[in-house]
Amino acid sequence: MQVRKKRIYRIGLGIVFGSLVLCGAGGAAAVYIGPGKILGPSYEEVHGSECRTVAATKTKDSDGIWIRQYIVADAQDDLTRMRTALRVAESILKEQSPHLVQVSVVDAGNPGTVANMRGRAIGAQVTIIPKPVTEAESNSGPYSGISIQGSASTDGEFHGIRFEAMREDLEAMASKFEELKGCAAVSGEGA
């Protein structure tokens with residue numbers, strides 16, 4: 001009876017010790033390799049962040065419809081803001097097929113008028129012209145964009161370094177989107 005209890009005790013200790021070693025090895029692998037390689041990239045790393053539309057304009061000219069949208073995103077870094085703007089622009093392009101789509105990301109602290117959503121108020125901006133008509137549109141290509149490094153100041157302005165996005169980088173980002181999701185409903189219509 002005594003031998004049997006010792007054997008059960010040893011088996012129990014072996015199972016506990018083995019599971020601890022296995023968990024430790026898994027944790028060490030996650031730290032060494034990185035969670036992104038094991039679990040894959042997060043939604044934010046591929047699609048950008050959640051957003052809401054603060055103003056949208058739709059204009060018609062001889063070339064077609066131009067849609068401009070100003071959004072507020074929960075992003076603190078320039079790449080996430082760029083991905084968010086690109087995802088929203090692609091979503092608009094898919095739904096409405098306009099001649100030009102421009103999506104600008106502004107900070108939530110920015111005053112809500114379209115006149116104040118220019119210059120330093122823009123943290124990232126993406127413009128898509130799927131079918132260029134003029135020579136200038138053809139030269140700029142179908143994708144263009146800018147982003148400002150860092151987060152916004154207390155007055156809702158971005159004062160970091162401005163980066164011009166390369167068309168190839170924007171196309172590569174857009175090709176990774178698994179879903180095209182726009183922003184929450186418009187809270188104020190701008191002209």
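Annotation: the span from Asp107 atom CG to Ser151 atom OG amounts to 8.0 Å, rounded to 0.5 Å. To the nearest 0.5 Å, atom CG of residue Leu170 and atom CZ of residue Arg83 are 11.0 Å apart. Going from atom CG of Leu100 over to atom CD1 of Ile65 covers 11.5 Å, rounded to the nearest 0.5 Å. Residue Thr57 holds its OG1 atom at 10.5 Å from CH2 of Trp66, rounded to the nearest 0.5 Å. The OG atom of Ser175 sits 8.5 Å away from the CD atom of Glu171 when rounded to the nearest 0.5 Å. Taking OG from Ser62 and NE2 from His99, the interatomic distance works out to 8.5 Å, rounded to the nearest 0.5 Å.
Not a single donor-acceptor pair under 3.5 Å links the side chain of Ser91 to the backbone N or O of Arg87.
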| query | Where do Gln96 and Val101 land on the side chain to side chain contact (heavy atoms under 4.5 Å, CB included) test, with the steps shown first? | reply | CA-CA 10 Å; Gln96 302 181 36; Val101 177; over 6 Å; no
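Through direct or relayed side-chain contacts under 4.5 Å between Ile, Leu, Val, Met, Phe, Trp and Tyr, Met166 connects to no other residue.
Of all heavy-atom pairs between Ala85 and Val105, the closest is CB-CG2, 3.8 Å. In plain terms, the two heavy atoms of Phe163 and Gln149 that are nearest each other are CE1-CB, 3.6 Å. For Pro98 against Pro130, the heavy-atom pair with the smallest separation is O-CG, 3.7 Å. Of all heavy-atom pairs between Thr80 and Asp77, the closest is OG1-OD1, 2.7 Å.
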Side-chain polar contacts of residues 119-128 - donor-acceptor pairs under 3.5 angstrom, sequence neighbours left out - could you list them?
{"residue": "Arg120", "atom": "NH1", "partner": "Phe158", "partner atom": "O", "Å": "3.4"}
{"residue": "Gln125", "atom": "NE2", "partner": "Ser104", "partner atom": "OG", "Å": "2.7"}
{"residue": "Thr127", "atom": "OG1", "partner": "Gln102", "partner atom": "NE2", "Å": "3.2"}

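If you run side chain to side chain contact (heavy atoms under 4.5 Å, CB included) between Val103 and each of Val88, Thr84, Leu86, Thr53, only Val88 comes through.
Residues Asp78 and Ile148 form no side-chain contact, since every pair of their non-hydrogen atoms from C-beta on lies 4.5 Å or further apart.
Residue Glu164 places its CD atom among more than 12 non-hydrogen atoms of other residues, nucleotides or ligands, all under 6.0 Å distant.
Judged as a salt bridge (Lys or Arg N to Asp or Glu O under 4.0 Å), and not counting sequence neighbours, Glu95 has no contacts.
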